Asks: 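I am attaching a structure below and will ask some questions about it afterwards.
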Amino acid sequence: MLVAISTSSVLLVNKARNDSGLVVHTVEVESQLSTLLLEIRRAESATRAYLLTSAPQFLAEYQAAAANILPAADKLSKLVVDNPVQVENYARLRKAIEQRLGEFTRGIDRIKNNDVATSVTVLRNGSATDAVRTIADAGRDMRAEEDRLFAMRTTNADRTQVLASS
């Protein structure tokens, strides 16, 4: 009897740790998604500021933000590899990010070549709007999936904690 109780306790404690780890994982995914979306916004803002002013500090801000985007996206990809729904959401997000980064680069290059009018047109055109919309939609879908997982995992972790402490 004592062996059975001890074995059950060990198993429940291990399950509680695992369940708590899944909750932490969900929080990590949400945090990484927020970091990625923030870097995209920083790059977009710096591109617009550079477009308006041609000031070198905005070019430096753009370059710093743009350099962080793909590594942040890669880290997010590694975090969601265990979830087919998130893998699909991430694929949409990644494609739109690459499209948007290309638009930023073309805009910056045109500004450097004193072709501000074309740069403004590139930033305003429909494909830019589509990429922005896709980034927003995929980000929203990823966050909704993580919120769903968070609720489920928190419930499981709480239940396991109660059983383990009993």
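We number each residue from 1, following the sequence as shown. Keep in mind that what you see is a predicted model, and the values were worked out from it rather than measured.
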Asks: Would you indicate whether the side-chain heavy atoms of Asp147 and Glu30 approach each other to under 4.5 Å?
Replies: yes

Asks: Give the table of side-chain donor-acceptor pairs shorter than 3.5 Å for residues 60-79, with sequence neighbours excluded, one pair per line with atom names and distance.
Replies:
{"from": "Tyr62", "atom 1": "OH", "to": "Thr105", "atom 2": "OG1", "distance (Å)": "3.3"}
{"from": "Asn68", "atom 1": "ND2", "to": "Ala64", "atom 2": "O", "distance (Å)": "3.2"}
{"from": "Asp74", "atom 1": "OD1", "to": "Arg94", "atom 2": "NH1", "distance (Å)": "2.6"}

Asks: Quick check for you: to the nearest 0.5 Å, what is the distance between Asp141 atom CG and Gln86 atom CD?
Replies: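 CD of Gln86 is found 8.5 Å from CG of Asp141.
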
Asks: Is the closest basic N to carboxylate O distance between Glu146 and Arg143 below 4.0 Å?
Replies: no

Asks: Apart from Val87 itself, what residues make up its hydrophobic cluster when side-chain heavy atoms of I, L, V, M, F, W and Y under 4.5 Å apart count as a link, directly or indirectly?
Replies: none

Asks: Under a 4.0 Å N-O cut-off, is there an ion pair linking Arg92 with Glu88?
Replies: no

Asks: Mind checking the CG-CD1 spacing from Leu51 to Ile108? Nearest 0.5 Å is all I need.
Replies: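 Spacing of CG (Leu51) from CD1 (Ile108) equals 8.0 Å.
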
Asks: Checking side-chain polar atoms at under 3.5 Å, does Glu145 have a donor or acceptor matched by the opposite partner on Asn89?
Replies: no

Asks: Ignoring hydrogens and geometry, is there a side-chain-to-backbone donor-acceptor pair from Thr154 to Phe150 under 3.5 Å?
Replies: yes

Asks: Please step through side chain to side chain contact (heavy atoms under 4.5 Å, CB included) for the pair Glu28 and Gln32, ending with a clear verdict.
Replies: CA-CA 6 Å; Glu28 288 174 342; Gln32 188 59 35; over 6 Å; no

Asks: Atom CG of Leu149 and atom CG of Asp82: how far apart are they, to the nearest 0.5 Å?
Replies: 8.5 Å

Asks: What heavy-atom pair brings Phe58 and Ala46 nearest, and what distance separates the two atoms?
Replies: O-CB, 3.5 Å

Asks: For the pair Arg133 and Asp130, evaluate salt bridge (Lys or Arg N to Asp or Glu O under 4.0 Å) and give the outcome as yes or no after the intermediate values.
Replies: CA-CA 5 Å; Arg133 187 177 308 113; Asp130 291 343; 3.2 Å; yes

Asks: Quick check: does any side chain N or O of Asn113 sit under 3.5 Å from a backbone N or O of Asp115, one acting as donor and the other as acceptor?
Replies: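 Side chain of Asn113 to backbone of Asp115, a donor-acceptor pair under 3.5 Å: no, none is there.
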
Asks: Could you check if a side-chain atom of Leu93 sits within less than 4.5 angstrom of a side-chain atom of Thr134, using non-hydrogen atoms only?
Replies: no

Asks: Calculate, to the nearest 0.5 Å, the distance between atoms CG and OG belonging to Asn114 and Ser54 respectively.
Replies: 7.0 Å

Asks: Between Asp137 and Arg140, does any side-chain N to carboxylate O distance fall below 4.0 Å?
Replies: yes

Asks: Inspect the contact between Glu44 and Arg41 and indicate whether a charged nitrogen and a carboxylate oxygen are less than 4.0 angstrom apart.
Replies: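 Looking at Arg41 and Glu44, the cut-off is met.
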
Asks: Under 4.5 Å between any side-chain heavy atoms of Val85 and Met142, yes or no?
Replies: no

Asks: Does Leu33 reach the side chain of Leu37, with side-chain heavy atoms less than 4.5 Å apart?
Replies: yes

